[in-house]
Amino acid sequence: MMVQLYDDERIDFLLAKQNMRIIQSPTVFAFSLDAVLLADFTYVPKTRGKILDLCTGNGVIPLFLSTRSEVPITGVEIQERLYDMACRNIELNKLDTQLDMIRGDLKDMPARYGNRKFDLVTCNPPYFPTPQMDERNINEHLAIARHEIYCTLEEVIEACSRLAKSGGKVSMVHRPERMVEIIELFRKHRLEPKRMRLVYPKEGKEANTLLIEGTRDGKPGLKILPPLYALTSEGEYTSELKEILYGE
């Protein structure tokens, strides 16, 4: 299927999913390893329920999750250009019967849907507190994706909690330096942390990615999964990361 491309957009393979394509742009949005890791890490309802992905960008996480689940998946994106890209990615992959996109603010979604509607809510949110104007990325699209310009961490977690049904899951990827804050906010908003994994560039280095999953109204009990190392000492992808990325 042919879809319209703008400016410096390109069509890439969706990694291991060789039958899937994704529209990307280096100056607007291109998915990172974090999105791949979150899609692999999270629990996914297979045949019953509904999934919501907040801060969806170009729809990469819904595309990945559609290969693991038959349930309806909705993505929410505040930036018009990224929302348009996500819609064209659905069209490109002929997934309009399973996936849909909403252009809107995640903070407005509980009012739109009502509380506790989804079996799974995923989110790859902005990681960094909003800097001063002269410290922001000059590219507005990248600044919004990386910094808490439109939503704070607490606003993200509160929205996730309100949108997840009781017993539903919330999965997030973030930075390890904010782990304590994330756990505190999860519990404040009735999300009990249940699974967590740290990702390291290589052995001997500090972790640079946090994967965490909570259950709405869940019982205490956190499982810390084995560490994931991205690179070997020779600088090659580890066998586990190759499996996640390429199915090798």
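No experiment lies behind these values; they were computed from the predicted model shown. This chain uses plain numbering: 1 for the first residue, then up along the sequence.
- Between the CE atom in Met85 and the CD1 atom in Ile90 there is a gap of 13.5 Å [rounded to 0.5 Å].
- At a threshold of 4.5 Å between non-hydrogen side-chain atoms, the residues Arg81 and Asp7 count as touching.
- Taking the ring centre of Phe41 as origin, the terminal cationic atom of Arg195 falls inside the region bounded by 6.0 Å and 45° from the ring axis.
- Residues Lys194 and Lys219 share a closest heavy-atom pair of NZ-O, 2.9 Å.
- Look at Arg187 and Glu192 and you find a salt bridge, because one of the NZ, NE, NH1 or NH2 atoms lies within 4.0 Å of a carboxylate O, short of that distance.
- Smallest separation of non-hydrogen atoms from Gln4 and Arg88: O-NH1, 2.6 Å.
- The shortest heavy-atom contact between Asp119 and Gly49 is OD1-CA, 2.9 Å.
- Between the CZ atom in Phe13 and the CD1 atom in Ile22 there is a gap of 13.0 Å [rounded to 0.5 Å].
- At least one side-chain heavy atom of Val156 sits less than 4.5 Å from a side-chain heavy atom of Met172.
- Ring geometry for Tyr237 versus Tyr246: interplanar angle of 30 to 60°, hence tilted.
- In terms of hydrophobic clustering, with Ile, Leu, Val, Met, Phe, Trp and Tyr side chains grouped at heavy-atom distances under 4.5 Å, Met196 and Val180 are assigned to different clusters.
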**Request:** Carefully, step by step, assess Val36 and Val60 under the rule side chain to side chain contact (heavy atoms under 4.5 Å, CB included).
**Result:** CA-CA 8 Å; Val36 185; Val60 59; 5.8 Å; no

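- Between the side chain of Ser161 and the backbone N or O of His189, at least one donor-acceptor pair lies under 3.5 Å.
- Taking 4.5 Å as the limit, every side-chain heavy atom of Leu82 sits out of range of all side-chain heavy atoms of Asn58.
- Sorted by first and then second residue, the side chain to side chain donor-acceptor pair (under 3.5 Å) pairs involving residues 35-47 (not counting sequence neighbours) are Thr42-Ser171.
- Counting all heavy atoms, side chain and backbone alike, Pro126 lies closest to His174 at O-NE2, 3.6 Å.
- Scanning all heavy atoms of the two residues, the minimum distance from Ala39 to Phe64 falls at CB-CB, 3.6 Å.
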**Message:** Evaluate Leu225 against Leu211 for side chain to side chain contact (heavy atoms under 4.5 Å, CB included), listing each step before the verdict.
**Reply:** CA-CA 10 Å; Leu225 303 183; Leu211 298 162; over 6 Å; no

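- Inter-residue side-chain proximity for Leu198 and Leu210 is flagged as met; some heavy-atom pair is nearer than 4.5 Å.
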**Message:** Under the criterion side chain to side chain contact (heavy atoms under 4.5 Å, CB included), I'd like the reasoning laid out for Phe31 against Leu63: C-alpha separation, chi angles, the key distance, then a yes or no.
**Reply:** CA-CA 12 Å; Phe31 74 84; Leu63 290 178; over 6 Å; no

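- In this structure a side-chain-to-backbone donor-acceptor pair under 3.5 Å is present from Asn93 to Asn89.
- The hydrophobic clustering, which links ILVMFWY residues whose side-chain heavy atoms are closer than 4.5 Å, places Leu92 and Tyr6 apart.
- The structure places OG1 of Thr56 at 12.5 Å from CD of Gln79, a figure rounded to the nearest 0.5 Å.
- Between the side chain of Asp8 and the backbone N or O of Ser25, no donor-acceptor pair lies under 3.5 Å.
- Between the side chain of Arg197 and the backbone N or O of Pro226 there is at least one donor-acceptor pair closer than 3.5 Å.
- In terms of heavy-atom proximity, Pro62 sits nearest to Met101 at CG-CE, 4.0 Å.
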**Item:** Verdict with reasoning, Leu95 to Met20, per side chain to side chain contact (heavy atoms under 4.5 Å, CB included)
**Value:** CA-CA 10 Å; Leu95 287 168; Met20 298 183 75; 3.8 Å; yes

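- With contacts defined as side-chain heavy-atom distances shorter than 4.5 Å, the pair Leu54/Leu52 qualifies.
- With contacts defined as side-chain heavy-atom distances shorter than 4.5 Å, the pair Leu65/Asp53 does not qualify.
- Taking the ring centre of Tyr229 as origin, the terminal cationic atom of Lys202 falls outside the region bounded by 6.0 Å and 45° from the ring axis.
- Atom CZ of Arg175 sits about 14.5 Å away from atom CD of Glu181, to the nearest 0.5 Å.
- Separating the SG atom in Cys123 from the CD1 atom in Ile61 is a distance of 8.0 Å, to the nearest 0.5 Å.
- With values rounded to the nearest 0.5 angstrom, Leu99 atom CG is found 5.0 Å from Ile73 atom CD1.
- Between Glu206 and Pro176 the shortest side-chain heavy-atom distance does not fall below 4.5 Å.
- Contact of the Lys165 side chain with the Lys50 side chain is not registered, since no non-hydrogen atoms from C-beta on lie closer than 4.5 Å.
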